[in-house]
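Written out below as structure tokens is the structure these notes cover.
Start at 1 and go down the list; that is how both ligands and their atoms are numbered.
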Amino acid sequence: MVKAAVLGYGTVGSGIVEVIEKNADVIAAHGVDMHVKYILDLRDFPGDPFEKLVVHDIETILADDEVKVVCEAMGGVEPAFTFSKRAMEAGKSVCTSNKELVAAKGDELMKIAKENNVNYLFEASVGGGIPIIRTLNDALTAERIESIQGILNGTTNYILTKMEREGADFDGVLKEAQEKGYAERNPEADIEGYDACRKIAILVSVISHKKADWEKVRTEGITKITPEDFKYAHKLGRTIKLIAMCEKNGDGYYAMVSPRMIKTDNPINAAQDVFNAVLVHSDMLDDSLYYGRGAGKLPTASAVVGDAIEEARHVGEHFSTGWTSEEAKLLDIDTYRTSYFVRLKGVPAERASELAAAFSKYELVDAGLSGEFGIVTGELEEGTFKKAFESLKDAIGYIRL
Ligand code: HSE
């Protein structure tokens, strides 16, 4: 029998205990007899069915040789980093849902895992319950991954879906999402794109085997998106999604998180509400799509437990792959080429010469809104576009296609 410890008894931590114990028979049918021996938390949980497993001191877990797998669901970098490091140094494998930690210190933790002949797995850190990391590290290992386009944040996808369906504005939908528990009281990491940014940096690290610095990824959130933007998008047969993307170019990667006007028949538009989707383009398989719940107690816990089972199968054997501390080459995003939707005040006829001076190619978009209009530019480099956009008078905003 393999004994597991769970660090953090919040939403994901309690989900991990539930999945391991409720589905113990399913897990056993896969050849692994696993049970939770300890739950680490600062709090007590009187009345909870697992209250007797709760301990307050990490040393209890570290000193117990029977514990072979540690599921970390604490969130944040510290003390999660120190606890994970010490657990691996004590001969225990660690699995996690903690994207902040994986994005910041995944390379160090993977090195520690190798040095101690244990494993460090992090499936739940990207796309919640969607098995995208294992797919990239396992099923797609014969593939050259050329690009990844993802809806990697459930909160913002819920907000954008609702704005689109109801014609509602951002602030109102955010407030409602907070009331329903779909958005945090401090929603900054989600709505400003930082959460999706960490996740795409993790994916770049997985496919490049080098550490991608999430702080170098150009990141724009959804706070400026309006119901009017959706009217233009519909006119173009498109919708608006917060897209985290990476694209291989030579020996480097373009990576960015930003709202994009994607075609409504783009397969990742299947992700509505809190769902996530990841579209991988690789050289042999072509496109493949991974879809599911990117957040939530049981979906996230299921991914952590999947890792825990894999680690239980490999006690005493280091098998996990990851990335080194060498920095992945992130290309200057100002050289990335795409087309742009631009909203402008006024009427097209009066602004034709100004627009022709700014853009060699553009098409008008009329969404029937008074006192304004839209254009879609030809494909051009981000840096060139930004200069042209800044030269325009009374531009309301832009969204990348
Ligand atoms: N806040 C995240 C989301 C949770 O909305 O997707 C899962 O990482």
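- The nearest heavy-atom contact from the protein to atom 1 (N) of ligand 1 is Asp190 OD1, 2.9 Å.
- Among Asn153, Val274, Asn276, the residue whose heavy atom lies nearest to atom 3 (C) of ligand 1 is Asn153.
- Looking at ligand 1, you'll find an N or O of Gly154 within less than 3.5 Å of one of its N or O atoms.
- Between the CG atom of Leu298 and the CZ atom of Arg293 there is a distance of 10.0 Å, given to the nearest 0.5 Å.
- Using a 4.5 Å heavy-atom cutoff, the side chains of Lys175 and Glu179 are in contact.
- At a threshold of 4.0 Å, the pair Lys111-Asp107 does not count as salt-bridged, since none of the basic side-chain nitrogens sits closer than that to a carboxylate oxygen.
- Ligand-side atoms of ligand 1 in range of Ala295: 4 (C), 7 (C), range being under 4.0 angstrom from any heavy atom.
- In this structure the side chain of Ile222 reaches within 4.5 angstrom of the side chain of Phe170, judged on heavy atoms.
- When heavy-atom distances to ligand 1 are checked against a 4.0 Å cut-off, Lys199 comes that close only through its side chain, counted from C-beta outward.
- Using a 4.0 Å heavy-atom cutoff, Lys99 is listed among the residues neighbouring ligand 1.
- Considering only heavy atoms from C-beta on, Phe373 stays 4.5 Å or farther from Arg343 through its side chain.
- Residue contacts with ligand 1: Thr155 is placed with a nitrogen or oxygen under 3.5 Å of a nitrogen or oxygen of the ligand (distance criterion only).
- Per-residue contacts place Gly294 under 4.0 angstrom from the following atoms of ligand 1 (heavy atoms of the residue considered): 7 (C).
- The closest approach between any non-hydrogen atom of Gly128 and ligand 1 is not below 4.0 Å.
- Using a 4.5 Å heavy-atom threshold, the side chains of Met74 and Phe83 count as touching.
- The existence of a salt bridge linking Glu327 and Lys216 is confirmed by a sub-4.0 Å separation between a basic side-chain nitrogen and an acidic carboxylate oxygen.
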